[in-house]
Visitor: 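Below is the structure I would like to discuss, written out as C-alpha cells.
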Amino acid sequence: MMAAAAAQLRVGTRRVPALWSMRWLPLLLTVTAAAVAAEQQVPLVLWSSDRDLWAPGADTHEGHITSDMQLSTYLDPALELGPRNVLLFLQDQLSIEDFTAYGGVFGNKQDSAFSNLENALTLAPSSLVLPAVDWYAVSTLTTYLQEKLGASPLHVDLATLRELKLNASLPALLLIRLPYTASTGLMAPREVLTGNDEAIGQVLSTLQSEDVPYTAALTAVRPSRVARDAAIVSGGLGRQLLGQGAQVDVPHPPVSYNDTAPRILFWAQNFSVAYKDQWVDLTALTFGAQQLNLTGSFWNVTDARLSLTYDQLFGTMVTFKFLLSNRFYPVSARYWFTMERLEIHSNGSVASFNASQVTGPSIYSFHCRYVSSLGTSGDLLVPHSKSSAWQLMLQDFQIQAFNVTGEQFSYASDCAGFFSPGIWMGLLTSLSMLLIFTYGLHMILSLKTMDRFDDHKGPAISLTQIV
C-alpha cells in the first residue's frame with residue numbers, strides 16, 4: 001500500500017522545447033506552479049482497529065492535494081464511529097519521497113525502513129493513505145482532534161504509555177513525537193526512519209497486548225525533501241534520477257541543557273560577538289560542538305539560565321548567560337516568559353544587555369530574524385552602559401526555556417511586526433493616489449463659469465478680472 005501511495009506522486013514529465021514556443025508556455029507555468037506548491041505538502045497515513053471507517057476508494061488520485069475541509073470529511077467518520085483512543089505519530093519532517101527511497105518499493109522489502117508501518121497497514125481492518133495533504137491542514141490537526149474528542153493531547157513516550165490505563169469508552173489523544181535528521185544531526189535519514197518505525201511498532205505492540213482499540217495517524221510538521229522539488233524549477237523539467245537529488249546542508253542542532261530531561265533549547269543560524277570592534281563567529285563553537293561548556297546553567301518552573309562558556313575568546317575566558325523568567329499574568333490568564341537580560345562575564349567584569357522584548361507565551365518558543373545590539377539589525381538587545389565595548393548579533397535566533405518536549409522547539413512566537421515593508425509600501429502608495437485624486441477633484445469642483453456673455457447687438461462687456 002505504501003508503494004501505491006508513493007507511485008501516486010511519481011508522474012514523469014517530458015522535456016519541453018524552447019520557451020518561445022507559445023503553445024508550451026501554459027504547460028511550463030502549470031508544472032512550475034505545481035513544483036513550488038509541493039513544498040507545502042506532507043503525507044498522512046491513517047489506520048484503525050475497527051472496520052469500514054473509510055470507503056475502499058477513498059484514496060485520492062494522483063496530483064490531488066487534500067485540503068483541510070476534505071481532511072475533516074475523512075476524519076469525522078473515524079472519530080464519530082471508530083475507537084475513542086487516537087494516536088498521532090508526529091514526525092518533524094516527512095515526504096512521500098521518503099517512502100519511495102527507503103520503503104523497499106522496488107522489491108527490496110528486507111531493506112525497508114517502514115516494515116512495522118507496512119505490517120500495521122496490511123493487518124489493519126481500515127486504512128487510508130493520503131500522499132499530499134496541505135500543510136495548513138496538518139498544522140491544525142492536533143487542535144481539530146482535541147475539539148472532536150474533547151480531550152487534551154497527552155505527550156507520551158513508550159515508558160509513559162506502558163503506565164497508562166486506557167479505557168475504550170473514554171476519549172484519549174496521545175501525541176508521540178518522532179525525530180528526523182534535522183533534530184538528530186549525525187544520523188542518516190534511513191537510520192532515523194528505521195528507529196521511528198521501531199518506535200511505532202513498539203507502541204502498537206503495547207496497545208495490542210492490552211487489547212485496546214485505537215485509530216492511528218502518521219504525518220509530519222513539514223516536508224523533508226523541499227530542495228528536490230525546488231530543483232525542478234531551477235534545473236529544468238527533464239527527468240532526474242532518484243539518487244541525484246540536490247545535496248542539502250543539514251542545519252546544526254540546537255544547544256540543549258538537560259537535567260533529568262531537556263529543559264532549555266537555543267539555536268541561531270549565526271552567533272557572532274565583537275569586543276572593541278573585533279568580531280568572532282561562535283556558531284561552529286556553539287552548535288553541534290561536542291565539548292560545549294554549559295556549567296552554571298539551571299532551570300525551574302519560574303526561572304531559567306543558560307550559561308555558555310568559551311575558554312579562549314579574545315585571549316580570556318568569556319561566559320554568556322541568558323536569563324529568562326516565567327510569570328503568570330491574570331489579564332491573559334496564561335503564563336508568559338521573558339528573557340530578562342543577556343550577560344557577558346569576562347575578567348571579573350559584566351556587560352549586561354536588556355532583552356525584555358524577547359517574550360512570548362510560555363507554551364511557545366521565541367523566534368526572530370535578528371536579535372542584535374546593532375541599530376542596523378534591530379535593537380532587541382539594549383546595553384545597560386552606552387560605553388560598552390561588547391556587541392552581539394544573532395541571526396535566526398530561537399529560544400525556549402519552558403514547556404520543552406524532547407529536542408524539538410514548540411511553535412514559535414515571532415518578533416515580526418504586523419506592518420511589514422510591503423504593507424507600508426502599499427499604504428503609502430494608496431495614500432499618495434488618494435491625495436492626487438482628492439486634489440484633482442477639488443480643482444474640478446473649483447472651476448467657475450462666466451455668468452454674463454457678450455452680445456454683438458449691445459454694448460461690449462468690459463471684464464477687468466476673471467475669478
Side-chain angles (χ1 to χ4, degrees), residues 251-252 254-257 264-289 292-298 303-327 336-360 364-402 409 412-421 424:
H252 41 255
V255 173
S256 176
Y257 168 67
I264 306 175
L265 297 178
F266 162 58
W267 189 88
Q269 184 178 351
N270 181 274
F271 179 21
S272 299
V273 60
Y275 179 69
K276 295 183 178 180
D277 296 329
Q278 179 184 355
W279 285 92
V280 175
D281 188 353
L282 300 178
T283 307
L285 299 176
T286 305
F287 305 102
L292 182 61
N293 188 352
L294 300 179
T295 303
S297 302
F298 84 94
D303 296 284
R305 180 178 65 212
L306 179 63
S307 179
L308 309 177
T309 301
Y310 303 89
D311 293 332
Q312 294 297 326
L313 183 61
F314 303 109
T316 185
M317 179 181 293
V318 180
T319 301
F320 298 85
K321 295 183 179 181
F322 299 80
L323 305 176
L324 302 100
S325 62
N326 187 32
R327 301 289 184 267
W336 289 69
F337 77 90
T338 302
M339 193 166 85
E340 302 289 350
R341 62 188 182 277
L342 192 156
E343 297 179 349
I344 303 178
H345 295 251
S346 174
N347 291 329
S349 62
V350 179
S352 182
F353 296 83
N354 183 7
S356 58
Q357 296 184 61
V358 178
T359 183
Y364 297 148
S365 62
F366 176 86
H367 172 268
C368 195
R369 180 64 175 172
Y370 287 102
V371 172
S372 173
S373 60
L374 305 175
T376 57
S377 300
D379 54 354
L380 295 186
L381 296 179
V382 181
H384 285 183
S385 174
K386 295 183 178 180
S387 61
S388 175
W390 292 91
Q391 291 179 329
L392 279 167
M393 197 275 290
L394 294 159
Q395 182 180 358
D396 274 349
F397 171 80
Q398 189 167 5
I399 193 169
Q400 183 176 0
F402 305 98
F409 283 104
S413 174
D414 204 279
C415 68
F418 176 77
F419 290 99
S420 64
W424 278 115

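In what follows, residues are counted from 1 in the order of the sequence shown. The shown structure was predicted, so the numbers you read here are calculated from the model rather than taken from an experiment.
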Visitor: Rounded to the nearest 0.5 Å, what separation is found between the CD1 atom of I399 and the CZ atom of F337?
Guide: 7.5 Å

Visitor: Enter the distance from T338:OG1 to N326:CG here, rounded to the nearest 0.5 Å.
Guide: 8.5 Å

Visitor: Just verifying a value: how many Å separate W336 CH2 and S413 OG, rounded to the nearest 0.5 Å?
Guide: 6.5 Å

Visitor: Does the Y370 side chain pair with the main chain of M393, one donor and one acceptor, at a distance under 3.5 Å?
Guide: no

Visitor: Using 0.5 Å steps for rounding, measure from the CG atom of L394 to the OG atom of S272.
Guide: 8.0 Å

Visitor: Between F271 and F397, is the gap from one ring center to the other below 6.0 Å?
Guide: no

Visitor: Would T359 and F366 satisfy side chain to side chain contact (heavy atoms under 4.5 Å, CB included), going step by step from the backbone distance to the final call?
Guide: CA-CA 7 Å; T359 183; F366 176 86; 5.8 Å; no

Visitor: Of the non-hydrogen atoms in S307 and T295, which two are nearest, and what is the gap between them?
Guide: OG-O, 3.1 Å

Visitor: For residues Q391 and S373, report the shortest heavy-atom separation together with the two atoms involved.
Guide: CA-OG, 3.4 Å

Visitor: Nearest heavy-atom pair of A351 and S388: which atoms, and what distance?
Guide: CB-OG, 4.2 Å

Visitor: Identify the heavy atoms of Q400 and Y364 that sit nearest to each other, and give their distance.
Guide: CG-O, 4.0 Å

Visitor: Could you tell me which non-hydrogen atom of T283 sits nearest to which non-hydrogen atom of Q269, and how far apart they are?
Guide: CG2-O, 3.6 Å

Visitor: Quick one: are I344 and V350 in side-chain contact, heavy atoms under 4.5 Å?
Guide: no

Visitor: Quick one: pull up SG in C368 and CG in D414 and give me the separation to the nearest 0.5 Å.
Guide: 6.5 Å

Visitor: Without placing hydrogens or testing angles, list every side-chain donor-acceptor pair under 3.5 Å for residues 310-325, not counting sequence neighbours.
Guide:
| unit_1 | atom_1 | unit_2 | atom_2 | d |
| --- | --- | --- | --- | --- |
| Y310 | OH | T286 | OG1 | 2.5 |
| T316 | OG1 | N347 | OD1 | 2.9 |
| T319 | OG1 | T309 | OG1 | 3.2 |
| S325 | OG | E340 | OE2 | 2.5 |

Visitor: Tell me if a side-chain donor or acceptor on N354 pairs with a main-chain N or O of S356 at a distance below 3.5 Å.
Guide: yes

Visitor: Nearest 0.5 Å, what's the OG-CG distance between S256 and L265?
Guide: 5.0 Å

Visitor: Looking only at heavy atoms, which two atoms of R341 and S352 are closest? And how far apart?
Guide: CD-OG, 3.7 Å

Visitor: Does the S365 side chain pair with the main chain of F409, one donor and one acceptor, at a distance under 3.5 Å?
Guide: no

Visitor: Begin with the C-alpha distance, continue with both residues' side-chain angles, and end with the deciding distance and a verdict on ring pair (Phe, Tyr, Trp, His ring centres under 6.0 Å) for F287 and F266.
Guide: CA-CA 9 Å; F287 305 102; F266 162 58; 5.3 Å; yes

